[in-house]
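Take a look at the structure set out below.
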Amino acid sequence: MLAGCAALERPAPCVCPPLPKPAPAPAARFDPAPFDAIPGWRSAELLPSARAFAAGCAAIPEASPLADACRSIAAVADEAGARRFFEETFAAYAIRTAEGEPAGLVTGYYEPVLAGSRVRTERYRYPVYGLPGDLVVVDLAALYPELRHMRLRGRLEGRRVVPYYSRQEIETQGAAPVLAWVADPVELFFLQIQGSGQIRLENGERLRLGYADQNGHPYRSLGRFLVERGELPLERASMQGIQAWAQANPDKLSEALNANPSYVFFREREAGPGPLGALGVALTPGYSIAVDPRHVPLGAPVYLATTQPLSDAPLERLVMAQDTGGAIRGAVRADFYWGTGPEAGALAGRMRQQGRLWLLWPKDLPPPK
């Protein structure tokens, strides 16, 4: 909220005092690394990675450091060509935190499919909201470049910009257009966390939903809330564990959901090959990740070395930074996109382990700062 400006209640022009500079994001370190030092690089299948990179090139502007690589990818037709392309075009950098830590959290996400209806019925009672008309988005990047990754959300109250409604207030007031109705409030909650999904209507049609905006409130983890309240042990705080808890504790569900004041609004999307990530292209199951764009440029190839969910089996592959997320913060942090439907959801819901990241960046350019 622009407290120094929005609180003025007089007809004279409002002159905002300079905003204090936000605390900078903790810096990332990019340490040069030979390809042979990357776990599993020599055995990795790179043609699917090349296809995912090529898909992202549709959203890469001509002025981007990745533009030359995007022009070259069109010539890649087989596995040998893909390996040659990545090794000759890019240099590899191990991503570390400012303190030098090489490992960070890797989670998973997916595109859920919910049963629903265009109209409210006894079964389908929970609304999926579209973008409300009174949501105001304040973008200060033109005046304050250091705020380019920060947008303020609010609403007008007279001449003042005040915080937008919280989750509890939105659920109570219902002041937004309804796109569809669903049967399960927990599934709706997870649909918002994923940021996109599909509604399977009773006539067999599919309504594809994409992220429209958010109410501006900070995201609070439902799993962490339940653990802190002693409702769930840490090892059961997965999506599946939370759903089981909700079924067993319907009287406590509303309080638990409202502990996360953040709320996501959706828009209808045309049918396509998959949900759109923040880069603006369809995500590729198993080859797209969400990152913190303050550290990892969108569109860049990133080698991920982690493990399969609830397993010691390695998950090592070259993926593409094509999405972002409210909970994806930090240099060594990734959210792995598994795909669409319940099988992808089962994998995503169990994924929470440590991993390492390597940025691939054009050879003739220094790594991003």
Side-chain angles (χ1 to χ4, degrees), residues 104-116 123-126 128 167 171 180-200 206 208-209 211 219-264 266 274-275 283 285-286 288-290 304 306-315 319 323 325-328 333-355:
L105 180 63
V106 180
T107 51
Y109 70 119
Y110 74 112
E111 183 187 33
V113 180
L114 282 66
R123 178 184 178 190
Y124 301 116
R125 298 182 291 119
Y126 299 97
V128 181
R167 170 178 295 276
E171 296 285 11
W181 301 83
V182 297
D184 187 335
V186 179
E187 287 189 346
L188 175 57
F189 184 88
F190 282 116
L191 172 67
Q192 293 184 350
I193 292 177
Q194 305 306 314
S196 62
Q198 298 181 40
I199 305 296
R200 184 178 62 250
R206 295 288 182 104
R208 174 155 266 165
L209 301 174
Y211 174 90
Y219 170 81
R220 306 296 184 198
S221 167
L222 174 56
R224 183 174 302 169
F225 172 83
L226 295 176
V227 170
E228 291 174 350
R229 289 293 185 95
E231 297 287 345
L232 277 179
L234 181 60
E235 63 271 14
R236 289 179 51 205
S238 64
M239 183 173 66
Q240 293 81 2
I242 291 171
Q243 289 172 325
W245 176 89
Q247 291 177 0
N249 297 274
D251 56 323
K252 299 179 181 180
L253 181 57
S254 180
E255 179 190 7
L257 296 180
N258 289 331
N260 174 26
S262 174
Y263 201 94
V264 169
F266 294 96
L283 301 175
S288 294
I289 60 170
L304 169 66
T306 184
T307 57
Q308 297 284 345
L310 301 180
S311 169
D312 293 329
L315 174 57
V319 295
D323 206 0
I328 313 305
R333 177 73 172 92
D335 206 17
F336 185 89
Y337 176 63
W338 283 99
T340 298
E343 291 185 7
L347 292 166
R350 295 183 173 95
M351 192 171 190
R352 187 177 180 85
Q353 63 262 5
Q354 293 291 290

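By the ring-ring contact (aromatic ring centres under 6.0 Å, His included) test, Trp338 is found to be paired with Phe336, residues two or more places apart in sequence or in another chain being considered.
Atoms CD and OH, from Glu111 and Tyr337 in turn, are 5.0 Å apart once rounded to the nearest 0.5 Å. Taken to the nearest 0.5 Å, the OG1 atom of Thr340 stands 10.5 Å off from the CD atom of Gln194. Atoms CG and CZ, from Leu257 and Phe225 in turn, are 9.5 Å apart once rounded to the nearest 0.5 Å. Summarising the geometry, atom CG belonging to Asp323 is positioned 5.0 Å from atom CG belonging to Leu283; distances are rounded to the nearest 0.5 Å. Distance CG/Leu188 to CD1/Ile199: 8.0 Å, rounded to 0.5 Å. Taking CG of Leu105 as the start and CZ of Arg333 as the end, the distance is 4.0 Å to the nearest 0.5 Å.
A donor-acceptor contact shorter than 3.5 Å links the side chain of Arg167 to the backbone of Ser262. A distance-only check finds a donor-acceptor pair linking the side chain of Asp335 to the backbone of Gly108 [under 3.5 Å]. Here the side chain of Thr306 pairs a donor or acceptor atom with the backbone of Gln354 at under 3.5 angstrom.
Between Pro261 and Arg220, the shortest heavy-atom distance links the atoms CD-CG, 3.6 Å. Contact detail for Ala237 and Val227: the closest heavy-atom pair is CB-CG2, 3.8 Å. The heavy-atom pair separating Asp184 from Val186 by the smallest distance is OD1-N, 2.8 Å. Contact between Arg350 and Gln353 at its shortest, heavy atoms only, is O-OE1, 4.4 Å. Here the closest non-hydrogen pair linking Val264 and Tyr211 is CG1-CD1, 3.6 Å. When all heavy atoms of Ser238 and Gly349 are compared, the pair lying nearest together is CB-O, 3.2 Å.
Residues Tyr126 and Glu187 form no side-chain contact, since every pair of their non-hydrogen atoms from C-beta on lies 4.5 Å or further apart. Taking 4.5 Å as the limit, every side-chain heavy atom of Met351 sits out of range of all side-chain heavy atoms of Tyr109. The shortest side-chain heavy-atom distance between Ile242 and Phe189 does not fall under the 4.5 Å cut-off. Looking only at side-chain heavy atoms (C-beta outward), Val106 and Leu315 stay at 4.5 Å or farther from each other. Residues Lys252 and Trp245 form a side-chain contact, since some pair of their non-hydrogen atoms from C-beta on lies under 4.5 Å apart.
Surrounding CD of Glu343 are at most 12 heavy atoms belonging to other residues, nucleotides or ligands under 6.0 Å away. By the neighbour-count criterion of 12 heavy atoms within 6.0 Å, atom CZ of Arg206 is densely surrounded, having more than that number from other residues, nucleotides or ligands.
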Exercise for the section: Step by step, work out the side-chain contact (heavy atoms from CB on, under 4.5 Å) result for Leu222 and Ile193. Expected result: CA-CA 10 Å; Leu222 174 56; Ile193 292 177; 5.8 Å; no
